[in-house]
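Just below is one structure, and these are the notes that go with it.
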Amino acid sequence: MGGTEGHCTGGATKQTLHLFHGAMESLLRPPRAVPAFLVVPVRTKRRLFVPEWARELPHEEKEKRLQSLIRTLPEERMERTFYLACTASIIDPYVPPEGDARVTSLSKEGLKQRMEKLKQTAASQLALRKVKDHDPNFSTKTFPEVAQEIYVEAHNSLANFNKQKLHSLVTERCYPDMVRGNRYKTIRWSFVESLEPPRVVHVRCTSVVNQGNLYGQVTVRMHTRQTLAIYDRFGRLMYGGEKLPKDVLEYVVFERYLVNPYGTWRMHGKIVPEWAPPKDPIVKTVMIPGPTLDPSQEYEEMK
Amino acid sequence: MAVRCAGSAWVRGLLGWAWPERWFAAGSAFPLSCIHTSTSLQKLGKWEKKNRIVYPPQLPGEPRRPAEIYHCRREIKYSKDKMWYLAKLIKGMSIDQALAQLEFNDKKGAKIIKEVLLEAQEMAVRNHNVEFKSNLHIAESLAGKGHYTKRIRLHGKGMFGIMKIVKCHYFVKLVEGPPPLPEPRKTGFDQAKEYVQQLRSRTLVHTL
């Protein structure tokens, strides 16, 4: 190679030689940024050794193992079971029409109200069918009388503080509403008469927790005359009067645990419409605390 | 239907509270099948139980029965002898006057008794159907001995004494209505009249 080049030109031989050598060198060592000192990391000795059976598995393997274990473990025993004998609230509450029992039945509106039969609402019909499946003796014509009897009995046992009987006539949701605050009071309640025959107004069925765990709720409209007198701990009259009969229009909800063959219809709650007249005030005067003032302020200034 | 949860809250509250003492006893015994899942409360003292009596309804002709509210605080870290002075101070005052006196009293027990009176007033208005919170007066106010614990108190020269850590109870009974007027003092003239009356009412025996 050098010879042939030498033949071509005389003066440029050495330069070309250098150039070719540089090219050869650059071929052998590619043109990267090579640091002056190169640090190659050396692996330290493996000191912590975790055997394979103790290592954490990836997520999928974990799940697979859990699945296989669930089948082999015994099922959890319920140490303290609880039994839901009633629902917690009134499902789909009935909205009483405004002016109910305020309009005479002789006028047009009164007639309309009277003619509003249960058959018009489809949901009530469905629920009624479900109720009749579980309880074949149920009928919307006989039930209101039974309901009124339950109502009267419940209030009588509340006045006599017969707790066992009250529990059998009233659901667990209604019981605290009836009994709260009455422990040291004397209640005298009496049922004078029924002004209009009670009638079923609304029927609903629900399942709680599981499908098929049915509770039936029936709303009954009652227009009655009652007397109520509440005496406090010292025998002083707190509310009402023993010889003051009052006309009462109420929508009482009764509930029954349909799936239980020994279930009974019990009072579940009352629906108070918004247009209901306000109740009578209690006998004593109650102080409503005013706004808290600074020592420098006066109440008249704030007004 | 047994639900797949472990809950027992509703079972606990069923028959946990006591029956109020009524003058006309209902006479129904509790069945033994009740499930007592919680521990019973601490034993109630006699003073607390006095708030549970229920009187029968008053007839329309009877005078209105004044409300009586019993309240107490147990195991106050104070001496019963020192507390007695404050209890004696308050006896017979109206509640507003008592609160005023206690507020400006320098003793430690005064602050505690004031708290007790305010609690009792609050209870009266809320639970016992008292209409006006100022219409109360203090019928009874007592201080009683609480539990004493003994400890060693070290003296010099290796001697020791047994120290008693002293606690007291404070009881108060509020009655509705203005405070009763204090009895008028017996004057000398009254005493003389009584003496003369005594002399006149003697019977003479074995005489004409």
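Just so it is clear: chains get the letters A, B, ... in the order the sequence lines come, proteins before strands, and each one is counted from 1.
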Nearest heavy-atom pair of B/R65 and A/R236: which atoms, and what distance? O-NH1, 3.1 Å
Under the ring pair (Phe, Tyr, Trp, His ring centres under 6.0 Å) test, residues paired with A/F191 that sit two or more places apart: none
Is any residue of residues 84-100 of chain B within less than 4.5 Å of chain A by heavy atoms, and which ones? none
Any chance NZ of B/K77 has more than 12 other-residue heavy atoms, nucleotides or ligands included, within less than 6.0 Å? yes
When the 4.5 angstrom heavy-atom criterion is applied to B/R64 and chain A, the contacting part is side chain
B/P60 portion near chain A, given a 4.5 angstrom heavy-atom threshold: neither
Can you tell which of A/K185, A/R183, A/R233 makes a side-chain contact (heavy atoms from CB on, under 4.5 Å) with B/V54? A/R233
Around atom CG of B/L199, are there more than 12 heavy atoms from other residues, nucleotides or ligands closer than 6.0 Å? yes
Counting only heavy atoms not in B/Q197, do more than 12 fall under 6.0 Å of its CD? no
With sequence neighbours left out, the residues meeting side chain to side chain donor-acceptor pair (under 3.5 Å) with B/E75 are B/H147
For A/H59, I'd like to know if atom NE2 has over 12 heavy atoms of other residues, nucleotides or ligands within 6.0 Å. no
Heavy atom to heavy atom, less than 4.5 Å: which residues from residues 107-139 of chain B reach chain A? B/V125, B/H128, B/N129, B/V130, B/E131, B/F132
Greater than 12 external heavy atoms within 6.0 Å of A/E193's CD: yes
Do B/Q58 and A/L237 have side chains that approach each other closer than 4.5 Å (heavy atoms only, starting at C-beta)? no
So for atom CD1, which belongs to B/I152, do other residues, nucleotides or ligands contribute more than 12 heavy atoms lying within a distance under 6.0 Å? no
